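Read the structure below first, then the notes.
It should be emphasised that the depicted structure is a prediction, and the values quoted were computed from it without experimental measurement. Just so it is clear, the values below take in all heavy atoms, side chains as well, and ignore hydrogens, waters and symmetry mates. In what follows, chains are A, B, ... by sequence order, proteins preceding strands, each numbered from 1.
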Number of protein chains: 2
Amino acid sequence: MENLDNKVLFAKKGIKNTKQRNMTYNILMQENLPVTAELIFLKLKEADEKISLSTVYRILEVFISKGLVIKRNLSEDNMAVFEINNMEHKHHLICYCCKKMQVIKGCPLGAYEKILQEQTDYDISGHRLEIYGYCPDCKEKK
Amino acid sequence: MENLDNKVLFAKKGIKNTKQRNMTYNILMQENLPVTAELIFLKLKEADEKISLSTVYRILEVFISKGLVIKRNLSEDNMAVFEINNMEHKHHLICYCCKKMQVIKGCPLGAYEKILQEQTDYDISGHRLEIYGYCPDCKEKK
DNA sequence: GTAACTGCAAACCTTTTGCAGCTTG
DNA sequence: CAAGCTGCAAAAGGTTTGCAGTTAC
């Protein structure tokens, strides 16, 4: 599962192209949703990759520092989750029941940020929004 | 710093009125912003209260289960923060630089949630929003 | 060849738990 | 007095770090 794109990308960012980094990046791309370090670790094990959990954390740290990955903490539990930084502004819709997460494209907050900036005299540069509810499947079960 | 209101409140919720709970509740009221368990612990120590950190966590747990307190995790670091649940829908504006937090009253998402509900067929019941930027003081320093 | 990366084990930090003793209603 | 709190110390997650050995460029 060697990936030429990754090789080029890593070179551009000035980091070495190792098997572990390559695979970690592929998994993040495949998932395309915030995942825990643990999950990445397990997927790598599954794929018969020799890797340790601390390496996963170190790789993610490097990816974050190079702007390739974003780290966040979801509100419920206190585990960090990681996802590819594809520079796309987006939010997530999360099911209270099954914890499924789906991407919401578009953002309703552009105008609001401007208003808030005037009201508060802050220099507003970002926000974080998660929407919660029950997905169609879980909604029925209730 | 005995507080009669707390006594009545605790009685109504069916929990015992101890010095530690009383003081913890007072601190949360005074702060009126999300704080860590550690900070509550330190404030109690400062006030010469004999308390252990695990008791703080246990008290917060009880308060949460009775609906008196809300727990959340902020995006940056992985420590939980706790605040009084005054049933008011609100969000926070957080300074990237000095980490100061201020309450934003009002919410721009009411209409958006309805639209999203139709689009996604989810049963939407809540959201979580934090706005980030630089406060007037830190803005100048830059 | 050397600077950078990895695995392993141990440390760290926040949060939880078990238990014996103490307090509240 | 009994039920339920608390303090202490130890355990339990998730994450980070030190170090010796390995790998990529």
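Atom P of nucleotide C:dT16 and atom CE of B:M79 are separated by 13 Å, given to the nearest angstrom. Rounded to whole Å, atom C1' of C:dC22 lies 15 Å from atom CD1 of B:I51. Remark: C1' of C:dC12 and OH of A:Y57 are 13 Å apart, rounded to the nearest angstrom. The distance from atom CD of B:E49 to atom P of D:dG7 is 9 Å, rounded to the nearest whole Å. A:L42 places its CG atom 14 Å from the C1' atom of D:dG14, with the value rounded to the nearest Å. In this structure, A:K19 atom NZ and D:dA24 atom P are separated by 8 Å, rounded to whole Å. Between the P atom of D:dC5 and the CG atom of B:L60 lies a distance of 14 Å, rounded to the nearest Å. Separating the CD1 atom of B:I15 from the C1' atom of D:dA3 is a distance of 15 Å, rounded to the nearest angstrom.
In this model, a donor atom of one side chain and an acceptor atom of the other lie less than 3.5 Å apart for A:E113 and A:H127. In this model, no donor atom of one side chain and acceptor atom of the other lie less than 3.5 Å apart for B:N73 and B:N78.
Of the residues near DNA chain C, B:V81 and A:S52, the one whose nearest nucleotide (by heavy atom distance) lies more toward the 5' end is A:S52. When the nearest nucleotides of DNA chain D are assigned to A:L53 and A:K16 by heavy-atom distance, the more 5′-ward of the two goes with A:L53.
A close approach under 4.0 Å does not occur between any side-chain nitrogen or oxygen of B:T55 and OP1 or OP2 of D:dT6. Taking 4.0 angstrom as the limit, A:R58 places none of its side-chain polar atoms (N or O) nearer than this to OP1 or OP2 of C:dC5. Distances shorter than 4.0 Å separate some side-chain N or O of A:Q20 from OP1 or OP2 on C:dG7.
Among the atoms of the strands shown, only primed sugar atoms or phosphate atoms (P, OP1, OP2) are found under 4.0 Å from some heavy atom of B:T18. Residue-level contact check: A:T36 touches neither bases nor backbone, having no heavy atom under 4.0 Å from any strand.
When each of D:dG7, D:dT17, C:dT6 is scored by its nearest atom to the side-chain atoms of A:R21, the top-ranked nucleotide is C:dT6. Closest to the side chain of A:N17, out of D:dT6, D:dC25, D:dT15, is D:dC25.
At most 12 heavy atoms of other shown residues, nucleotides or ligands fall within 6.0 angstrom of atom CD in A:E118.
Contact record, A:D121 with B:P136: O-CG, 3.4 Å, taken as the closest heavy-atom pair.
Counting only distance, with no hydrogens or angles, the side chain of A:R72 and the backbone of A:A80 share no donor-acceptor pair below 3.5 Å.
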